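Chain A is the first sequence line, chain B the second, and so forth, proteins listed ahead of strands; every chain is numbered from 1. Bear in mind the structure is a predicted one, so any value in this text is a computation, not a measurement. The basis for the numbers below is simple: all heavy atoms, side chains too, and nothing from hydrogens, waters or symmetry mates.
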There are 2 protein chains.
Amino acid sequence: MSDTITRLLDAAETGIRLRGYHAVSFRDLAEELGIKSSSVHYYFRQKEDLGLAVVERYTERVFAALTAETANTETPIDYLTAFVSVYRHALKGSDSICLCGMLGAESAGLPEKLAAAVAAFFQENIDRIAANLPRTMPAKARREKATHILATLQGAMTVATSLKSHKVFDNAVRDLLAGAEV
Amino acid sequence: MSDTITRLLDAAETGIRLRGYHAVSFRDLAEELGIKSSSVHYYFRQKEDLGLAVVERYTERVFAALTAETANTETPIDYLTAFVSVYRHALKGSDSICLCGMLGAESAGLPEKLAAAVAAFFQENIDRIAANLPRTMPAKARREKATHILATLQGAMTVATSLKSHKVFDNAVRDLLAGAEV
DNA sequence: ACCTGTCTACCTACTGATCGGTAGGTTGCC
DNA sequence: GGCAACCTACCGATCAGTAGGTAGACAGGT
């Protein structure tokens with residue numbers, strides 16, 4: 001992948017995670033890279049194409065990190081702790097919320113394909129968590145707990161960013177994991 | 001409050017909750033009411049003023065509903081059930097997320113005063129929940145659980161809206177309350 | 001060694017639509 | 001006459017997107 005494409009995806013991802021899809025413009029991205037906005041259209045014909053590429057790359061990166069981080073966990077609580085640490089790292093490394101947390105909030109105003117990609121990201125998160133909850137739990141209870149965990153992570157990032165304190169995220173997650181030790 | 005102002009606040013709130021602050025324009029609002037965009041400036045000099053008025057009215061309405069709904073609760077779990085039902089009602093009535101959930105996500109790209117008003121909304125939510133948790137819990141644990149509960153509610157609205165199913169919200173909240181019965 | 005064609009990675013220059021915002025009417029009620 | 005509730009008619013900035021040009025690298029043929 002060319003350097004310019006990578007830098008474009010980086011700038012777009014940062015902008016979307018901080019301010020939202022509609023607050024990111026081709027002109028701003030171009031200016032940040034030192035090129036012209038028409039050159040951005042050379043790589044991404046429409047804004048939707050850029051958005052989709054950002055979500056695709058983000059999805060792959062997050063799931064790769066989740067797979068790696070949870071690889072050697074043995075108990076469900078170890079798995080959850082590792083899972084959560086990937087999100088904690090994402091928040092602290094970027095000082096912004098999850099890309100899909102932002103796009104999920106905006107999804108009614110997004111191109112359909114983009115909204116669908118975000119929904120798929122959420123669903124895959126829920127499925128992965130549910131698959132690693134104790135086998136002794138009924139399937140319905142696992143689905144509920146998995147949804148609860150994803151919702152808490154996403155909401156904790158939003159509230160922590162608004163209150164400008166990563167501790168808010170840690171506080172929410174500490175109680176989440178304390179309650180999950182079933 | 002004049003009818004036009006109420007209708008403007010309604011239209012702006014709906015637009016922001018569905019698509020975000022930057023996706024709402026004076027022109028669209030005016031068109032929806034059948035007036036001209038310059039007339040919107042007659043009521044709200046700047047977009048920021050409109051945004052602040054929307055958040056103010058929303059904050060008052062939500063806290064009034066929370067106060068009313070939780071008025072006759074006796075146990076912490078009753079309080080939480082009533083608290084959560086206000087958010088459930090907000091989601092189902094509007095088919096969109098919490099106004100402050102959207103603005104909190106976008107807060108890095110918002111006028112400062114607006115971001116501050118949203119942060120205050122979150123903080124007040126946390127304080128109210130914490131104040132109604134069992135007195136037997138240490139203050140720190142109450143703060144953590146309260147943050148956890150607000151984060152779950154906000155995240156559950158986002159994920160449910162993205163996955164286009166209110167059941168997602170119910171699933172997350174059912175597990176949240178099941179774990180909260182301490 | 002020199003021309004020729006093709007390709008990538010941009011560029012200039014522009015379009016029509018839309019943005020928030022302003023100046024200065026007009027209309028109808030009290 | 002004065003005021004509230006609009007209006008027309010703009011402004012300059014910004015938006016996504018398009019048309020068509022160019023400079024440089026590389027390849028193949030002669």
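One N or O on the side chain of B:Asp49 and one on the backbone of B:Gln46 form a donor-acceptor pair closer than 3.5 Å. A donor-acceptor pair is defined here as one N or O able to donate and one able to accept, closer than 3.5 Å; no such pair exists between the side chain of A:Ser39 and the backbone of A:Ile35. The closest donor-acceptor contact from the side chain of A:Asn132 to the backbone of A:Arg128 lies under 3.5 Å. Checked by atom type and distance alone, the side chain of A:His22 never pairs as donor or acceptor with a backbone atom of A:Leu110 at under 3.5 Å. Under the 3.5 Å distance criterion, the side-chain polar atoms of B:Asn125 are matched with a main-chain donor or acceptor of B:Phe121. Looking only at distances, a side-chain donor or acceptor of B:Arg17 sits under 3.5 Å from a matching main-chain atom of B:Ile97. A:Ser162 places no side-chain N or O within donor-acceptor distance of the main-chain N or O of A:Val159, the cut-off being under 3.5 Å.
Near DNA chain D, defined here as any heavy-atom distance below 4.0 Å, the residues from residues 39-49 of chain B are B:Ser39, B:Tyr42, B:Tyr43, listed numerically. Annotation: proximity of residues 17-28 of chain B to DNA chain D (heavy atom, distance under 4.0 Å) is found for no residue.
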Strictly under 3.5 Å: I want the nitrogen or oxygen pairs between protein and nucleotides 25-29 of chain C, one per line.
none

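The distance between atom CG of B:Leu50 and atom P of C:dG20, rounded to the nearest whole Å, is 10 Å. In this structure, A:Ile5 atom CD1 and C:dT8 atom P are separated by 12 Å, rounded to whole Å. Atom P of nucleotide C:dT18 and atom CG of B:Leu29 are separated by 15 Å, given to the nearest angstrom.
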Can you give the dot-bracket line for DNA chain C, where a pair is Watson-Crick or G-U wobble with both atom distances under 3.5 Å, crossing pairs use [ ], and | marks a partner on another strand? ||||||||||||||||||||||||||||||

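The span of DNA chain D lying next to chain B, judged by atoms under 4.0 Å from heavy atoms, is bounded 5' to 3' by D:dA4 to D:dA9.
Across all strands shown, A:Thr4 has heavy atoms under 4.0 Å from sugar-phosphate atoms exclusively, and none from any base.
Relative to the ring axis of A:Tyr21, A:Lys47 places its NZ or CZ within 45° and under 6.0 Å from the centre.
A salt bridge links B:Lys92 to B:Asp170: at least one charged side-chain nitrogen sits closer than 4.0 Å to a carboxylate oxygen. Salt bridge A:Arg142/A:Asp127: absent, no basic N to carboxylate O contact under 4.0 Å.
Put simply, A:Leu18 and A:Leu33 are part of two different groups of oily side chains (I, L, V, M, F, W, Y) that touch within less than 4.5 Å, one to the next.
When side chains are defined from C-beta on, B:Leu103 counts as touching B:Ile16, because their heavy atoms get closer than 4.5 Å.
Partners of B:Arg61 under the side chain to side chain donor-acceptor pair (under 3.5 Å) rule, at least two apart in sequence or in another chain, are B:Glu13.
Ring geometry for A:Tyr87 versus A:Phe83: interplanar angle under 30°, hence parallel rather than tilted (30 to 60°).
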Test ring pair (Phe, Tyr, Trp, His ring centres under 6.0 Å) applied to A:Phe44 and A:Phe26, step by step: CA-CA 10 Å; A:Phe44 300 99; A:Phe26 275 39; 8.0 Å; no

